[in-house]
Amino acid sequence: MKIAIVDDEDEHIALLEDYIARYAAENDLGDCAVDVFHDGTELLENYRPLYDIIFLDIEMPNADGMKTARIIRQTDEHTAIIFVTRMARYAIKGYYVDALDFMVKPVAYPTFALKMKKAVRYCGNAEQKKLVLKFGGEMVCLTMPEIYYIEILAHEVIYHTRRGEYKMFGSLKSVMELLTDDFIMCHRCYIINMRYVEAVKDNSVTVNGTELIVSRYKKKNVVESLAAYWSRRGGGVV
């Protein structure tokens, strides 16, 4: 788990670092990598969507917590932001940036443990599993539900998503290792997200309005997997 602490008070940074280490030890989280930033501008410089949790102080010089969170949300919709403040009324605006929660300084460990438990549960949700894609000179962070299907052409991988298409070099094996059980291969060129399958025909499936070929060698597995998936979901496509 990768965590960022953004705070201009060294004493409080040290406190949160101790709390994180204590919580990780008590709950068998393993190693938690913690990066420290003393101002929002430090975090935002060359920001990439790599953090699972960000503890973000609201009252800071230059880029305060709210401004920092708004900029983060332009490229990272999924990191768990927990505001830290001395005045709780400032944290009420957190819903504008989809903050997960807030804590009031000075933070006691029992309070921290409750917030951390909530954040870990959020991060552990399969729906929030992140896929960080690098293409050209840019990076994009996707969750599994944002992906409709993946197309593989020779050494090129095309991700068809809610935000558009992303093309990059890759292999079938490297792609499959990153996906959840919601995905299934219907053809050597296509990996589909079963939540978006709208119809199944003799040799094709319709995924979010796009008809894709189903290999005759994979048809039985596709049909059985979809039946099991729809059964788990209550008989409907979500």
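The model shown is predicted, which means the values in this text are computed figures rather than measured ones.
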With a 4.5 Å cut-off on side-chain heavy atoms, are Ile184 and Met194 touching?
yes

If you look at every heavy atom in Cys32 and Ile20, which pair is closest and at what distance?
CB-CG2, 4.0 Å

Applying salt bridge (charged side-chain N to carboxylate O under 4.0 Å, His left out), which residue pairs with at least one partner in residues 142-163 are found, sequence neighbours left out?
Glu146-Arg163

CG (Asn203) and NE2 (His187) are apart, to the nearest 0.5 Å, by 10.0 Å

Using a 4.5 Å side-chain heavy-atom cut-off and chaining through intermediate ILVMFWY residues, the residues clustered with Ile158 come out as Leu153

Exercise: identify the closest heavy-atom pair between Leu100 and Ala119
CD2-CA, 3.5 Å

Any residue meeting side chain to side chain contact (heavy atoms under 4.5 Å, CB included) with Met185, in chain and number order, not counting sequence neighbours:
Leu172, Ile191, Lys218

Donor-acceptor contact below 3.5 Å, side chain Arg73 vs main chain Asp98
yes

Same cluster or not: are Met176 and Phe169 linked, directly or through other Ile, Leu, Val, Met, Phe, Trp or Tyr residues, by side-chain heavy atoms under 4.5 angstrom apart?
no

NZ/NE/NH1/NH2 to OD/OE distance under 4.0 Å, Asp52 and Lys2:
no

Does any non-hydrogen side-chain atom of Val107 lie less than 4.5 Å from one of Tyr19?
yes

Nearest heavy atoms of Ala80 and Tyr122, plus distance in Å
CB-CD2, 3.8 Å

Heavy-atom distance under 4.5 Å between the side chains of Lys118 and Leu114, does that happen here?
no

Ile54 vs Ile3, side-chain contact (heavy atoms from CB on, under 4.5 Å): CA-CA, chis, key distance, verdict:
CA-CA 6 Å; Ile54 300 177; Ile3 300 171; over 6 Å; no

In terms of heavy-atom contacts, Thr85 and Glu59 come closest through OG1-OE2, 2.9 Å

So do the side chains of Leu212 and Ile192 get within less than 4.5 Å of each other, counting heavy atoms only?
yes

Heavy atoms, side chains only, cut-off 4.5 Å: are Thr68 and Asp39 in contact?
no

Under 4.5 Å between side-chain heavy atoms, chaining through other members, with only Ile, Leu, Val, Met, Phe, Trp and Tyr counted: pull out the rest of the cluster around Tyr217, sorted by chain and number.
none

Ring pair (Phe, Tyr, Trp, His ring centres under 6.0 Å) pairs, two or more places apart, involving residues 29-54:
none

Any chance the rings of Tyr148 and His160 have centres within less than 6.0 Å?
no

Output for pair (Tyr23 OH, Lys117 NZ), nearest 0.5 Å, gives 6.5 Å

Keeping Ser225 on the side-chain end and Asn221 on the backbone end, is there a donor-acceptor pair under 3.5 Å?
yes

Just by distance, do the side chain of Asn193 and the backbone of Arg195 share a donor-acceptor pair under 3.5 Å?
yes

Check step by step if side-chain contact (heavy atoms from CB on, under 4.5 Å) holds for Ile71 and Lys67.
CA-CA 6 Å; Ile71 296 173; Lys67 179 180 178 181; 4.2 Å; yes

I need the Asp57 CG to Ile82 CD1 distance, nearest 0.5 Å.
13.5 Å

Tell me, please, which residues at least two apart from Lys219 pass salt bridge (charged side-chain N to carboxylate O under 4.0 Å, His left out).
none

Passes side chain to side chain donor-acceptor pair (under 3.5 Å), Glu211 versus Thr206? Steps please.
CA-CA 4 Å; Glu211 191 169 357; Thr206 302; 5.1 Å; no

Would you say the side chain of Tyr159 lies within less than 4.5 Å of the side chain of Met168, judging by non-hydrogen atoms?
yes

What closest approach, in Å, do Val197 and Val200 show between heavy atoms, and which atom pair accounts for it?
CG1-CG2, 4.2 Å

Residues Asp7 and Lys105 bridged, charged N to O under 4.0 Å
yes

Interatomic distance, Ile213 atom CD1 to Lys201 atom NZ [nearest 0.5 angstrom]:
13.0 Å

Are any non-hydrogen side-chain atoms of Phe102 and Val84 less than 4.5 angstrom apart?
no

Rounded to the nearest 0.5 Å, what's the gap from CG on Asp35 to CD on Glu42? Could you check?
11.5 Å

Do any N or O atoms from the side chain of Thr161 and from the backbone of Gly164 form a donor-acceptor pair under 3.5 angstrom?
yes

Mind checking whether Ile5 and Val34 have side chains closer than 4.5 Å, heavy atoms only?
yes

Should Arg188 and Ile152 be marked as a side-chain contact (heavy atoms from CB on, under 4.5 Å) after you check the CA-CA gap, both sets of side-chain angles, and the distance that decides it?
CA-CA 8 Å; Arg188 61 185 176 84; Ile152 297 126; over 6 Å; no

Grab the two heavy atoms, one from Met103 and one from Phe112, that are nearest each other, plus how far apart they are.
SD-CA, 3.9 Å

Going by the side chain to side chain contact (heavy atoms under 4.5 Å, CB included) test, name the single residue among Ile147, Ile150, Leu133, Val157 that passes it with Tyr166.
Leu133

Hey, would you say the Phe183 and Tyr196 ring centroids sit under 6.0 Å apart?
no

